[in-house]
Amino acid sequence: MANFIALASDELIRKLRETVAALQARGELPAGDPSIAIEVPADPSHGDFASNLAMVSAKIFRMKPREIADRIAGAIDLTDSHFDSCEVAGPGFLNFRLGTRWFSEVVDNVLAEGDRYGRSTVGGGKKMMVEYVSANPTGPMHMGNARGGALGDGIAACYDWAGYDVTREFYVNDAGNQIDKFGRSLEARYLQLYPGEEGVPFPEDGYHGEDIIERARQFAEIHGDSYLDKPEAERRQALIDYALPRNIEGLRRDLARYRIEFDVWFRESSLYQDGEVEQVLQQLADKGLTYEKDGAIWYKASEHGGEKDEVLVRHNGVPTYFAADIAYHYNKFVKRGFEYVIDVWGADHHGHVARMKGAMDALGIGGDKLEVVIMQLVRLTRDGEVVRMSKRTGKAITLNDLIDEIPIDAARFFFNMREPSSHLEFDLGLAVEQSSQNPVYYVQYAHARICSIEKNLAAEGIHPIPRQELHLERLTAPAERALVRHLANLPQEIVLAAHQSDPARITRYTIELATLFHKFYNECRVRGEDAELMQARFALCLATRTALKNALSILKITAPETM
């Protein structure tokens with residue numbers, strides 16, 4: 001599980017430290033301990049790695065940066081390292097170029113690690129949770145859930161590949177006001193089946209979807225009118241007990257179709273049943289962080305990052321959603337021992353972030369252990385026009401509507417093409433287009449193209465030779481080296497995508513890898529060269545295929561062999 005970017009960077013830092021120490025020992029540099037930073041230049045013409053060591057140490061050494069850089073470049077010994085040369089540029093940048101051995105080792109490593117290439121142990125097995133989607137079980141999933149599902153799944157996978165012990169969780173809101181509203185909506189639709197809609201008013205704040213009508217009809221098919229004369233509370237609870245499990249099962253089914261499987265489906269109701277809401281309320285009270293006002297219990301949120309104090313228990317004795325949410329997060333950290341938690345929330349929850357992190361501080365957990373990823377809205381377009389409604393239902397487009405119309409690969413790729421905080425324009429026409437303009441098609445085509453190369457070579461009796469017999473040092477063409485450089489980036493890109501909660505780094509990586517492969521394929525013939533070079537280039541093709549497949553698998557996108 002080598003990270004060759006980190007390996008080369010660490011080696012360079014060590015060489016620079018040794019060189020500075022040697023120059024100081026000879027009196028060619030004054031005493032001092034400057035910080036050493038390494039970066040990969042955006043422009044490869046500036047070298048493979050660069051350091052601004054001379055600039056940042058100018059004040060320490062009381063010398064001009066260019067003079068410092070010249071002395072370091074003249075003294076550094078790159079023998080037996082992964083680097084070939086060091087040159088000074090501009091006011092004192094130190095630019096380094098990698099040697100043949102590094103490029104050969106990268107390709108060999110990708111081939112050796114195979115479907116594990118890209119994985120690392122950075123996370124050290126730390127226990128963490130990613131909670132996402134958590135759609136209201138009172139209705140079908142909408143476009144925000146579609147983006148949140150692909151995004152949360154991608155974040156969880158990146159952390160998994162980066163060496164964390166990841167749990168994927170769905171929070172089932174099966175308690176509180178929304179369930180009461182769900183029950184009243186079901187009850188009204190059930191009663192309307194008998195005297196008619198005119199005879200039974202529908203709650204003003206009720207759920208108006210066709211799914212509510214359908215659940216009431218299904219209930220009536222089983223029980224008929226036997227619940228008309230039952231007490232209101234009993235009737236509503238019977239309707240909830242019938243409809244809610246079916247809705248939750250529907251969410252499971254739709255998410256599985258979308259390639260999302262959760263490790264845990266956590267029910268909000270369990271927080272009340274197990275007394276955890278009361279326990280957390282008592283803890284806050286014991287810490288002097290609550291007070292009574294107007295018959296309600298308030299939390300001093302303004303003392304812990306919130307804009308204002310918040311109600312925890314209403315005057316009727318019913319805890320608020322915020323109270324349950326604090327208990328839920330307490331359960332995550334304290335009861336279940338997660339060291340780090342990520343929540344993926346919609347933009348409408350933005351104001352909830354500071355008060356929730358503040359509540360974790362108030363409980364002594366630490367708000368820094370909770371990261372909330374705020375996801376912006378999605379705008380669907382086709383032929384430049386905004387698409388607002390489902391043709392099938394006349395209502396807002398659901399997750400199922402979307403994946404009925406476009407491939408799941410395209411949906412998952414497109415939803416991860418922008419960082420979560422960016423508004424996303426989803427072009428339905430582009431998503432089904434089979435051309436290089438469609439980014440997921442473009443990436444998948446590169447994978448299929450490599451499979452075709454392997455198949456065509458096999459037809460001629462040419463097969464990959466053992467890694468130990470390859471002459472990878474023959475890969476010296478600019479297009480070959482550019483491709484290898486990008487292959488080496490995958491482990492680091494996965495770690496950055498995890499720590500930045502931005503799976504868009506992975507889609508960008510695959511697009512760039514496909515672009516570099518197509519350029520290599522057009523400039524460097526695989527077949528028709530001498531046997532050594534042909535096998536080296538064949539190996540580079542197979543390594544590229546491995547990296548493409550692994551990166552796509554993180555996003556649960558298929559890597560087709562033919563297209």
Would you mind checking if [Y] and [X] are paired as a salt bridge, meaning a charged N to carboxylate O distance below 4.0 Å?
X: Lys332; Y: Glu131; value: yes
X: Arg259; Y: Asp409; value: yes
X: Glu261; Y: Arg168; value: no
X: Glu303; Y: Lys287; value: no
X: Lys556; Y: Asp153; value: yes
X: Arg236; Y: Glu232; value: yes
X: Lys308; Y: Glu310; value: yes
X: Lys357; Y: Asp368; value: no
X: Asp160; Y: Arg119; value: yes
X: Arg184; Y: Asp180; value: yes
X: Glu339; Y: Lys127; value: no

Nearest-0.5 Å distance that lies between atom [atom1] in [X] and atom [atom2] in [Y]:
X: Leu380; Y: Ile397; atom1: CG; atom2: CD1; result: 5.0 Å
X: Ile155; Y: Leu151; atom1: CD1; atom2: CG; result: 4.0 Å
X: Ile554; Y: Tyr509; atom1: CD1; atom2: OH; result: 9.5 Å
X: Ser501; Y: Leu496; atom1: OG; atom2: CG; result: 12.0 Å
X: Asn550; Y: Trp161; atom1: CG; atom2: CH2; result: 4.0 Å
X: Asn331; Y: Asp274; atom1: CG; atom2: CG; result: 8.5 Å

[X], [atom1]: over 12 other non-hydrogen atoms inside 6.0 angstrom:
X: Glu292; atom1: CD; result: no
X: Lys549; atom1: NZ; result: no
X: His499; atom1: NE2; result: yes
X: Asp383; atom1: CG; result: no
X: His349; atom1: NE2; result: yes

Taking all non-hydrogen atoms of both residues, which atom of [X] and which atom of [Y] are closest, and how far apart?
X: Ala547; Y: Leu513; result: CB-CD2, 3.8 Å
X: Tyr117; Y: Pro491; result: OH-CD, 3.4 Å
X: Ala497; Y: Arg505; result: N-CD, 3.7 Å
X: Ala431; Y: Phe426; result: CB-CE2, 4.0 Å
X: Leu284; Y: Ala362; result: CD2-CB, 4.5 Å
X: Met360; Y: Ile326; result: CE-O, 4.1 Å

Taking the inter-plane angle between the rings of [X] and [Y] on a 0 to 90° scale, is it parallel (under 30°), tilted (30 to 60°) or perpendicular (over 60°)?
X: Tyr227; Y: His223; result: perpendicular
X: Phe266; Y: Tyr328; result: tilted
X: Tyr321; Y: His352; result: tilted

Kindly determine whether Tyr132 and Phe262 satisfy ring pair (Phe, Tyr, Trp, His ring centres under 6.0 Å), including the steps that lead there.
CA-CA 9 Å; Tyr132 52 107; Phe262 287 97; 4.8 Å; yes
Do Glu433 and Tyr441 touch side chain to side chain, with heavy atoms closer than 4.5 Å?
no
Taking the side chain as every heavy atom from C-beta outward, state whether His208 and Phe202 have any atom pair closer than 4.5 Å.
yes
Does the ring of [Y] carry [X] above it, NZ/CZ under 6.0 angstrom from centre and within 45° of its axis?
X: Arg355; Y: Phe322; answer: yes
X: Arg412; Y: Tyr258; answer: yes
X: Lys181; Y: Tyr207; answer: yes

Verify, without hydrogens or angle tests, whether [X] (side chain) and [Y] (backbone) share a donor-acceptor contact under 3.5 angstrom.
X: Lys300; Y: Gly288; value: yes
X: His304; Y: Ala359; value: no
X: Asn145; Y: Ala135; value: no
X: Gln376; Y: Leu424; value: no
X: Arg246; Y: Tyr242; value: yes
X: Asp225; Y: Leu228; value: no
X: Trp298; Y: Lys293; value: yes
X: Asp294; Y: Ala296; value: no
X: Thr320; Y: Ala323; value: yes
X: Thr507; Y: Asn416; value: yes

Going by side chain to side chain donor-acceptor pair (under 3.5 Å), name the residues that satisfy it together with Asn438, two or more places apart in sequence or in a different chain.
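Not a single residue meets the side chain to side chain donor-acceptor pair (under 3.5 Å) criterion with Asn438.
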Which residues pass the side chain to side chain donor-acceptor pair (under 3.5 Å) test with Asp502, sequence neighbours left out?
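By the side chain to side chain donor-acceptor pair (under 3.5 Å) rule, Asp502 matches no residue at all.
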Tell me, with the steps shown, if Tyr291 and Asp309 meet side-chain hydrogen bond (donor to acceptor under 3.5 Å, both in side chains).
CA-CA 10 Å; Tyr291 60 91; Asp309 291 351; 2.7 Å; yes
Only one of Glu425, Arg418, Met143 clears side chain to side chain contact (heavy atoms under 4.5 Å, CB included) with Val378; which?
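Filter result, single survivor: Met143.
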Where do Tyr340 and Glu371 land on the side-chain hydrogen bond (donor to acceptor under 3.5 Å, both in side chains) test, with the steps shown first?
CA-CA 8 Å; Tyr340 191 55; Glu371 178 187 353; 2.8 Å; yes
Starting from the C-alpha separation in whole Å, work towards a yes-or-no answer on side-chain contact (heavy atoms from CB on, under 4.5 Å) for Thr546 and Asp115.
CA-CA 7 Å; Thr546 293; Asp115 61 9; over 6 Å; no
With sequence neighbours excluded, what pairs up with Pro407 under the side-chain contact (heavy atoms from CB on, under 4.5 Å) test?
Ala410, Val432
Begin from the C-alpha positions of Asn136 and Gln178 and carry the test side-chain hydrogen bond (donor to acceptor under 3.5 Å, both in side chains) through to its verdict.
CA-CA 8 Å; Asn136 195 325; Gln178 72 273 10; 5.2 Å; no
